[in-house]
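The basis for the numbers below is simple: all heavy atoms, side chains too, and nothing from hydrogens, waters or symmetry mates. Throughout, residue positions are numbered sequentially from 1 according to the sequence presented.
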Amino acid sequence: MACSFFEGYLVHVIPNDGHNFFGLENNILVYEGTHTVVFPVKKLLIVVTKSLFCPPDLKHFNKINKDLPYLDDCSPLSKVTKHVAGVRDRVYKNSPYKIIRSGARPVYVIAECATPLHTLKRVLDKTAVYKELANVDKQELSDDFCEMLESIIERSPEYRGKCELVFFDGNNLLFV
């Protein structure tokens, strides 16, 4: 799953392809200039939840108490369009969010969940269909995914420092 996520997604949204897409960092810089905002961290934050739950919108993680920081979505970064595996003009895009904090300026980040873990959760929730996976340890699979993805990123110089896993246990964000 980690190799597929890296080769099937991150290679399309992170590096400069030397042709049509000038990379995530440049895409963020263009967005900052267009929207007059600042991203203090110019990397893709990949959210990994303990439960494997990946909501369609990260605002789902907001607490009801508005005195606490909360996420709000923004318009997406510029789309990346590529011909991939027989699909012409496949579109990739990243979602900026602003973190609203009481009495402070918003903080802007690019964040999304790890889609392979979203798919894994859907599979594991359907054990009647996927009986062979009924007794699988989802925490072990998630840990293996994260360990492998971090290893791949670390061994790939043009990706190192451009994306980071953020672990969310349902109560607190834990930056690793």
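- The heavy-atom pair separating N16 from F21 by the smallest distance is OD1-O, 3.1 Å.
- H60 pairs by the ring pair (Phe, Tyr, Trp, His ring centres under 6.0 Å) definition with F53, not counting sequence neighbours.
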List the atom pairs, with distances to 0.1 Å, where a side-chain N or O of residues 31-46 and a protein N or O form a donor-acceptor pair under 3.5 Å, not counting sequence neighbours.
residue : atom : partner : partner atom : Å
Y31     : OH   : S75     : O            : 2.9
Y31     : OH   : S75     : OG           : 3.3
E32     : OE2  : F39     : N            : 2.6
E32     : OE2  : K42     : NZ           : 2.9
T34     : OG1  : V30     : O            : 2.9
K42     : NZ   : F39     : O            : 2.7
K43     : NZ   : E164    : OE1          : 2.9

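- Checked by atom type, the side-chain pair R160/S156 shows no donor-acceptor distance below 3.5 Å.
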In residues 110-121, what donor-acceptor pairs under 3.5 Å come from side-chain atoms, sequence neighbours left out?
residue : atom : partner : partner atom : Å
E112    : OE1  : Y9      : OH           : 3.0
E112    : OE1  : N94     : ND2          : 3.2
E112    : OE2  : Y9      : OH           : 2.7
T119    : OG1  : T115    : O            : 3.2
K121    : NZ   : D125    : OD1          : 3.4
K121    : NZ   : D125    : OD2          : 2.8

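- In this view, D72 satisfies the side-chain hydrogen bond (donor to acceptor under 3.5 Å, both in side chains) rule with no residue, not counting sequence neighbours.
- Shown here are the ring pair (Phe, Tyr, Trp, His ring centres under 6.0 Å) partners of Y92, two or more places apart in sequence or in another chain: H12.
- For R88, the salt bridge (charged side-chain N to carboxylate O under 4.0 Å, His left out) test picks out no residue, with sequence neighbours left out.
- For D144, there are no salt bridge (charged side-chain N to carboxylate O under 4.0 Å, His left out) partners two or more places apart in sequence or in a different chain.
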Validation: residues 129-137 side-chain donor-acceptor distances under 3.5 Å, sequence neighbours left out:
residue : atom : partner : partner atom : Å
D137    : OD1  : Q139    : N            : 3.0
D137    : OD1  : E140    : N            : 3.2

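- Side chain of N27 to backbone of S78: a donor-acceptor contact under 3.5 angstrom is found.
- The salt bridge (charged side-chain N to carboxylate O under 4.0 Å, His left out) test applied to E147 returns no partner, not counting sequence neighbours.
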Validation: residues 98-108 side-chain donor-acceptor distances under 3.5 Å, sequence neighbours left out:
residue : atom : partner : partner atom : Å
R101    : NE   : R105    : O            : 3.3
R101    : NH2  : R105    : O            : 2.6

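- Y159 is linked by a side-chain hydrogen bond (donor to acceptor under 3.5 Å, both in side chains) to nothing, counting only residues two or more places apart in sequence or in another chain.
- Applying the salt bridge (charged side-chain N to carboxylate O under 4.0 Å, His left out) criterion to K162, with sequence neighbours excluded, gives E25.
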